[in-house]
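Reading through the structure tokens given below for one structure.
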Amino acid sequence: MIYVAKIENGLVAQVTVEADGLAAPEGWAVVGPENAVGIGWSYADGQFIPPPPMDEEGSEASGTH
């Protein structure tokens with residue numbers, strides 16, 4: 001089994017489990033045998049990019065305090 005992500009506007013919108021050897025249809029990208037991405041991750045140039053971490057208030061953490 002492999003994980004496949006539906007990409008909408010450069011973001012992962014859905015992740016499904018499919019049979020090995022599936023050729024991802026248009027608008028989908030193969031994640032691989034382990035689910036290493038989630039909804040809201042970015043997808044660009046064949047790479048999955050996690051969203052920035054959130055602070056306690058639910059805003060993107062800036063890395064400075």
Side-chain angles (χ1 to χ4, degrees):
M1 304 306 283
I2 59 169
Y3 290 89
V4 181
K6 182 176 185 181
I7 310 300
E8 294 179 350
N9 299 316
L11 296 174
V12 175
Q14 179 180 356
V15 179
T16 63
V17 179
E18 304 294 340
D20 285 340
L22 172 79
E26 183 72 29
W28 291 76
V30 174
V31 176
E34 299 198 16
N35 186 11
V37 304
I39 293 171
W41 284 46
S42 297
Y43 182 76
D45 300 322
Q47 298 287 329
F48 291 99
I49 304 150
M54 301 295 240
D55 63 16
E56 286 101 30
E57 287 88 41
S59 299
E60 289 182 6
S62 64
T64 60
H65 293 280

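Counting begins at 1 with the first residue of the sequence.
The heavy-atom pair separating Gly46 from Tyr43 by the smallest distance is CA-OH, 3.4 Å. Here the closest heavy-atom approach between residue Leu11 and residue Ser42 is recorded as CD2-OG, 3.6 Å. Scanning both residues, Pro51 and Trp41, for their nearest heavy atoms gives CD-CD1, 3.5 Å. The two residues Val12 and Ala5 make their nearest non-hydrogen contact at CG1-CB, 4.0 Å. Heavy atoms only, all atoms of each residue included: Ala24 and Val30 are closest at CB-CG2, 3.8 Å. For the pair Ala19 and Ile2, the tightest heavy-atom approach, listed with the atom from each and the gap, is O-CG1, 3.7 Å.
Note that CE of Met1 and CG of Leu22 are 10.0 Å apart. Values are rounded to the nearest 0.5 Å.
Residue pairs meeting the salt bridge (Lys or Arg N to Asp or Glu O under 4.0 Å) criterion with at least one member in residues 18-46: none, sequence neighbours excluded.
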Report task. Dump the intermediate steps for side-chain contact (heavy atoms from CB on, under 4.5 Å) on Val4 and Val15, then the final yes or no. Result -> CA-CA 6 Å; Val4 181; Val15 179; over 6 Å; no

Requested in this report: Take Val17 and Tyr3 through the side-chain contact (heavy atoms from CB on, under 4.5 Å) test and state the conclusion after the steps.
Outcome: CA-CA 5 Å; Val17 179; Tyr3 290 89; 3.4 Å; yes

